[in-house]
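Count residues from 1 along the sequence.
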Amino acid sequence: QRHSFPPVCTHNMLDDATDPILTTIRRIGLFNSSNDRVKIIFHPEFLSSTSPLLPVDYEEFVRGCHLGVFPSYYEPWGYTPGKDTPRGGCPPHPGRIYIVDRRFRAPEESCAQLTAFLYGFCQQSRRQRIVQRNRTERLSDLLDWKYLGR
């Protein structure tokens with residue numbers, strides 16, 4: 001048994017002191033201690049079943065998650081959420097996908113909006129999350145690019 005906290009990163013990074021993800025994890029104090037309500041696993045490479053470290057395909061990984069959060073300007077809507085929805089990557093409210101408005105709000109407002117979505121998700125029962133996953137999978141047809149590109 002380990003006498004220290006589990007690592008937050010699956011790899012030894014060349015320059016972890018300047019990595020923006022790792023520095024943020026350190027700054028906010030998420031060290032995977034037994035008291036942390038959120039545990040972090042930062043896996044800085046693509047998921048693949050052929051990986052010797054974490055042999056899981058992306059689809060399997062997403063299917064095992066309860067919630068998908070995509071806080072990106074690069075893909076604020078599109079490929080990643082659209083790819084994950086058919087696999088059951090759940091949005092924060094039953095049968096609906098929410099997009100945090102980051103273009104026309106202050107960062108604090110967007111953060112508060114995301115927090116409210118996540119808090120609502122955490123208040124759901126196991127049964128509600130199962131129903132939500134099923135509804136989300138049914139929404140996946142609407143996320144096909146043949147409809148989004150119109």
**Study point:** Steps toward side chain to side chain contact (heavy atoms under 4.5 Å, CB included) verdict (L22, F42)
**Key:** CA-CA 8 Å; L22 291 175; F42 175 42; 3.7 Å; yes

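With sequence neighbours left out, E108 forms a side chain to side chain contact (heavy atoms under 4.5 Å, CB included) with A106. Taking the side chain to side chain contact (heavy atoms under 4.5 Å, CB included) definition, one finds that S49 meets it with D57, sequence neighbours left out. Every residue meeting the side chain to side chain contact (heavy atoms under 4.5 Å, CB included) condition with S110, not counting sequence neighbours, appears here in chain and number order: V100, R102, R105. By the side chain to side chain contact (heavy atoms under 4.5 Å, CB included) test, S4 is found to be paired with R2, residues two or more places apart in sequence or in another chain being considered. In this structure, T115 has no side-chain hydrogen bond (donor to acceptor under 3.5 Å, both in side chains) partners at least two apart in sequence or on a different chain. Among residues two or more places apart in sequence or in another chain, the side-chain hydrogen bond (donor to acceptor under 3.5 Å, both in side chains) test is passed with S33 by D36. Shown here are the side-chain hydrogen bond (donor to acceptor under 3.5 Å, both in side chains) partners of T24, two or more places apart in sequence or in another chain: there are none.
Shown here is I28, whose CD1 atom has more than 12 heavy atoms of other residues, nucleotides or ligands within 6.0 Å. In I41, the CD1 atom is not crowded: 12 or fewer heavy atoms of neighbouring residues, nucleotides or ligands sit closer than 6.0 Å.
From I40, atom CD1 reaches atom SG of C9 across 11.5 Å, with rounding to the nearest 0.5 Å.
V8 and L30 fall within the same hydrophobic cluster, defined by Ile, Leu, Val, Met, Phe, Trp and Tyr side-chain heavy atoms under 4.5 Å apart, directly or through other members.
Legend: salt bridge (charged side-chain N to carboxylate O under 4.0 Å, His left out) pairs involving residues 13-27, not counting sequence neighbours, sorted by first then second residue: D16-R26. Among residues at least two apart or in separate chains, ring pair (Phe, Tyr, Trp, His ring centres under 6.0 Å) pairs with a member in residues 3-26 are H11-H43.
In this structure, Y119 stands alone, with no Ile, Leu, Val, Met, Phe, Trp or Tyr side-chain heavy atom under 4.5 Å from its own, directly or through other members.
Side chain of T23 to main chain of P20: a donor-acceptor pair is present (N/O by atom type, distance under 3.5 Å, no hydrogens or angles).
In this structure, the side chains of P44 and T10 come closer than 4.5 Å at one or more pairs of heavy atoms.
What you find for K39 and N32 is that their closest heavy atoms are CA-OD1, 3.3 Å.
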